[in-house]
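Sequential numbering from 1 along the given sequence is applied to the chain's residues. Every number for a ligand or one of its atoms is a count from 1 in the order of the listing.
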Amino acid sequence: MRKVSILIPCYNEEENIPSLYEAIRQLMDNNSQYDWEALLVNDGSKDRTLEMIKELRRQDKRISYVNLSRNFGKEAAMLAGFDYVTGDCLVNVDADLQDPLEIIPEMLKYWEEGYDDIYARRLSRGKESFLRKHLTKLYYSLIQKMTSFDMLPNVGDFRLLDRKCIEELKRLRESERYTKGLYCWIGFKKKEILFDRGSRQHGKSNWGFRKLFGLAVNGITSFSTIPLRISTFMGTIISIYAFCHLAYFLIKTLIYGDDVQGFPTLVILILFLGGVQLLSIGIIGEYVGRIYNETKHRPVYIVREYEAGEDEKKSN
Ligand code: UDP
Ligand code: MG
């Protein structure tokens with residue numbers, strides 16, 4: 001019998017856990033042609049999430065969990081999940097039930113047909129602010145242009161991955177992670193399913209604008225060096241312009257003599273150049289920072305406890 005793992009990263013999800021469990025229990029019971037495992041990764045929750053997960057595990061041995069030593073972020077929690085799932089495939093879902101579990105049987109059907117990565121593409125994005133919706137759209141079109149492979153828009157982490165994909169994802173251990181891009185980068189035979197994304201059941205999204213902005217910058221800098229090229233390009237254009245200007249003023253001064261004029265122009269030029277230079281340094285800095293973080297070779301996450309299968313605790 002083939003085994004399917006459900007991977008659920010959880011950060012402060014105590015309100016969602018009961019209905020989450022109810023939903024996955026139904027899913028597991030209704031599809032008993034598979035062996036099931038639900039791996040919950042507790043990403044350093046500050047509420048009762050961990051206790052609730054442990055309680056569920058006492059009732060149902062199909063539940064297993066990894067408890068991280070602190071909050072490492074969703075991207076790291078997912079890598080922990082990839083490392084610890086034992087199934088022949090995994091389905092990645094959010095703890096807040098924004099992803100409709102009803103389409104998982106359809107995903108499994110395509111998996112049986114031989115697809116490796118069955119991803120769900122959002123038709124609508126649930127309740128979100130106008131600004132967030134439009135910024136997301138702009139971002140996706142930007143990143144699409146900057147990468148050399150297909151970066152799928154409106155596709156999140158809700159997907160079924162075959163063991164082949166899991167093994168490849170496990171080899172990508174960069175610490176500045178942008179998993180959405182990694183799924184596309186590894187390739188494999190993909191299949192799309194369309195769905196409507198619901199709104200969060202309880203609590204607030206853990207992604208504030210600051211975190212999202214960080215993720216967006218991460219997405220671009222992890223997969224593209226085009227921003228560096230843009231700053232080189234800007235630098236070249238401005239240098240050429242400055243050179244022409246210089247020649248113009250030199251000749252003008254030689255012919256008509258020197259009268260001090262054009263102070264505002266000077267100020268504007270200085271400010272403009274200063275701005276461009278700072279921006280370019282900032283862009284370079286983003287990359288240097290990433291190089292610095294990667295060279296430390298720190299593990300992406302640290303595990304405090306892991307329990308799975310019928311056995312007792314495996315590590316502490
Ligand atoms: N999450 C996590 N660590 C974090 C933030 C979020 O494991 O630091 C989990 C969270 O519990 C949820 C999933 O990642 O299961 C998606 O989080 P959220 O609903 O906040 O994100 P959104 O739906 O807004 O993308
Ligand atoms: Mg959510």
Donor-acceptor check, side chain of Asn12 to backbone of Lys46, threshold 3.5 angstrom: yes or no?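 Looks like yes, one N/O pair under 3.5 Å.
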Taking Glu294 for its side chain and Glu176 for its backbone only, find out whether a donor-acceptor pair lies under 3.5 Å.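 Yes; judged by distance alone, with no hydrogens or angles, the pair exists.
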Do the side chains of Tyr183 and Leu169 get nearer than 4.5 Å, heavy atoms only?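 In short, these two side chains touch, coming nearer than 4.5 Å.
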Using heavy atoms and a threshold below 4.0 Å, how should the contact between Asn71 and ligand 1 be classified: side chain, backbone, both, or neither?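 The answer is the side chain of Asn71.
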Once you restrict to heavy atoms under 4.0 Å, what part of Asp94 touches ligand 1? Side chain, backbone, both or neither.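 The answer is both, backbone and side chain.
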Min N/O separation Ala95 to ligand 1 under 3.5 Å: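 So ligand 1 has an N or O lying under 3.5 Å from an N or O of Ala95.
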Find all atoms of ligand 1 within a distance of less than 4.0 Å from any non-hydrogen atom belonging to Cys10, and give their numbers and elements.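 Those atoms are 7 (O), 11 (O).
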Name the option, out of Glu13, Glu75, Lys74, that contains the heavy atom nearest to atom 12 (C) of ligand 1.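 The nearest heavy atom belongs to Glu13.
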For a distance under 2.8 Å, tell me if Asp96 has an N/O/S atom near the Mg ion (ligand 2).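 It does: Asp96 brings an N, O or S atom closer than 2.8 Å to the Mg ion (ligand 2).
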Geometric cation-pi criterion Arg290 and Tyr292, 6.0 Å radius, 45° cone: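 No, Arg290 and Tyr292 do not form such a contact.
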Sort and list the pairs that fulfil salt bridge (charged side-chain N to carboxylate O under 4.0 Å, His left out) and have at least one residue in residues 79-91, not counting sequence neighbours.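 Output for this query lists Asp83-Arg173.
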